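Everything numeric in this text was worked out from a predicted model, so none of it was measured. In what follows, chains carry the letters A, B, and so on, assigned in the order in which the sequence lines appear, proteins first and then strands, with residues in each chain numbered from 1. When reading the values below, keep in mind they use all heavy atoms of this one structure, side chains included, and skip hydrogens, waters and symmetry mates.
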Protein chains: 2
Amino acid sequence: MSSQGFELPLRLLLAFRMLIDELHAELARQGHPHMRPMHGFVMQAIGPDGTTAVELGRTLGVSKQAAGKTVEALERVGYVERAADPRDTRRKIVRLTAYGIDALNRSARIFDTLRARWADELGEERLLALESDLRKMTPASPWRLDIPGWFGTL
Amino acid sequence: MSSQGFELPLRLLLAFRMLIDELHAELARQGHPHMRPMHGFVMQAIGPDGTTAVELGRTLGVSKQAAGKTVEALERVGYVERAADPRDTRRKIVRLTAYGIDALNRSARIFDTLRARWADELGEERLLALESDLRKMTPASPWRLDIPGWFGTL
DNA sequence: ACATGATGGACAATCTGGTTGACTATATCG
DNA sequence: CGATATAGTCAACCAGATTGTCCATCATGT
């Protein structure tokens with residue numbers, strides 16, 4: 001083999017996974033045991049002003065039905081709530097609850113802590129360089145986290 | 001918000017995804033249109049000497065039945081073949097075919113090319129630093145790519 | 001004002017890939 | 001030899017996605 005290029009994607013994935021796993025371990029300790037990796041991304045996509053199932057589906061790159069099911073799941077856990085839109089009675093606005101916002105706030109703080117650990121290990125200089133390099137190599141940042149299905153599909 | 005820590009995992013994921021997508025676009029051009037992200041990982045796990053469904057399941061962190069179905073899918077595409085083990089008639093050895101090995105070899109070359117592009121953009125120094133830093137922050141080596149299921153699970 | 005078309009949401013059927021459980025055949029070990 | 005463990009397969013089920021269909025409601029153009 002002796003392919004140097006194999007390591008890069010593998011390490012990127014491992015690093016991502018490690019951060020996410022540590023995030024959720026800590027979230028569980030802080031009163032959010034039901035939070036799943038998917039939830040954070042979806043709640044970010046919902047945003048502070050709320051959204052609708054159709055719009056959410058477009059943002060996430062999945063069908064509106066799939067988005068609807070995801071919203072149902074988040075509703076069951078208590079992270080979002082649905083309300084009618086007075087200006088368009090077809091629409092049902094999906095909004096984050098206080099509990100959901102708490103999950104997001106805690107996630108942010110935990111990610112900061114994890115980043116601080118990286119800075120501690122690597123040095124702030126090196127970490128800034130790493131972030132800058134990743135920023136340089138990745139697309140500006142459109143969401144489109146259609147991870148489910150993307151990796152799978154044999 | 002102003003959470004600096006949010007960016008790191010997101011960029012790691014985007015970078016990983018970008019590399020994998022580019023890999024598969026190029027693989028499709030090179031005669032492997034059926035190759036899916038999962039396949040490369042599974043074929044790596046199978047290794048040059050072959051393995052069995054049970055063993056593969058343990059390596060990948062899934063049930064032996066799931067591993068069996070995955071092997072079936074790879075067999076349909078022509079990446080692996082199954083043969084009886086003369087020394088233990090219960091076992092069926094799963095081996096990479098020439099076509100499967102070709103896919104792995106091409107993957108390695110394409111990853112090298114992609115890495116070269118990164119080196120071109122960032123400079124070899126910076127890329128080496130990035131790889132070194134990721135190596136430092138991620139666990140030594142465990143496979144255990146039980147991605148399916150891990151991210152999902154609402 | 002109203003017919004037409006577009007949009008939001010829900011329901012149902014299906015597909016895929018995972019799970020557990022049960023079963024058979026074969027090894028291995030006391 | 002008999003008891004236990006292991007490899008593989010079959011079957012049933014579950015979760016999360018898909019498409020297709022339907023209905024209610026908005027928006028538009030004549």
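Partners of A/Asp102 by side-chain hydrogen bond (donor to acceptor under 3.5 Å, both in side chains), not counting sequence neighbours, listed by chain and number: A/His32, A/Arg106. Taking the side-chain hydrogen bond (donor to acceptor under 3.5 Å, both in side chains) definition, one finds that B/Arg76 meets it with nothing, sequence neighbours left out.
Under the salt bridge (Lys or Arg N to Asp or Glu O under 4.0 Å) criterion, the residue pairs touching residues 91-100 of chain A are A/Asp85-A/Arg91, with sequence neighbours excluded. Identified under the salt bridge (Lys or Arg N to Asp or Glu O under 4.0 Å) test for residues 24-33 of chain B, with sequence neighbours left out: B/Glu26-B/Arg29.
Taking the six-membered ring for Trp, B/Phe16 and A/Phe16 have ring centres at least 6.0 Å apart.
For A/Ala66, taking side-chain heavy atoms from C-beta onward, the closest of the listed nucleotides C/dT19, D/dT18, D/dT25 is D/dT18. Comparing atom distances between the A/Ser63 side chain and each of C/dA27, D/dT18, C/dG18 picks out D/dT18 as nearest.
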With a 3.5 Å cut-off and sequence neighbours excluded, list the donor-acceptor pairs that the side chains of residues 129-136 of chain B form with protein atoms.
residue	atom	partner	partner atom	Å
B/Glu131	OE1	B/Arg115	NH2	3.0
B/Glu131	OE2	B/Arg115	NE	2.7
B/Asp133	OD1	A/Arg126	NH2	2.9
B/Asp133	OD2	A/Arg126	NE	3.1
B/Arg135	NE	A/Glu7	OE2	2.6
B/Arg135	NH2	A/Glu7	OE1	3.3
B/Lys136	NZ	A/Glu121	O	3.2

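For C/dA27, one of the phosphate oxygens OP1 or OP2 lies less than 4.0 angstrom from a side-chain nitrogen or oxygen of B/Thr89.
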Fill in the blank from the handout: Under a 4.0 Å heavy-atom criterion, the protein footprint on nucleotides 5-10 of chain D, written with B, S and -, is BBSBBB
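In terms of polar N and O atoms assigned as donor or acceptor, the side chain of A/Lys69 never comes within less than 3.5 Å of the base of D/dA15 in a complementary pairing.
If you take CE of B/Met38 and C1' of C/dG17, they are 10 Å apart, rounded to a whole angstrom.
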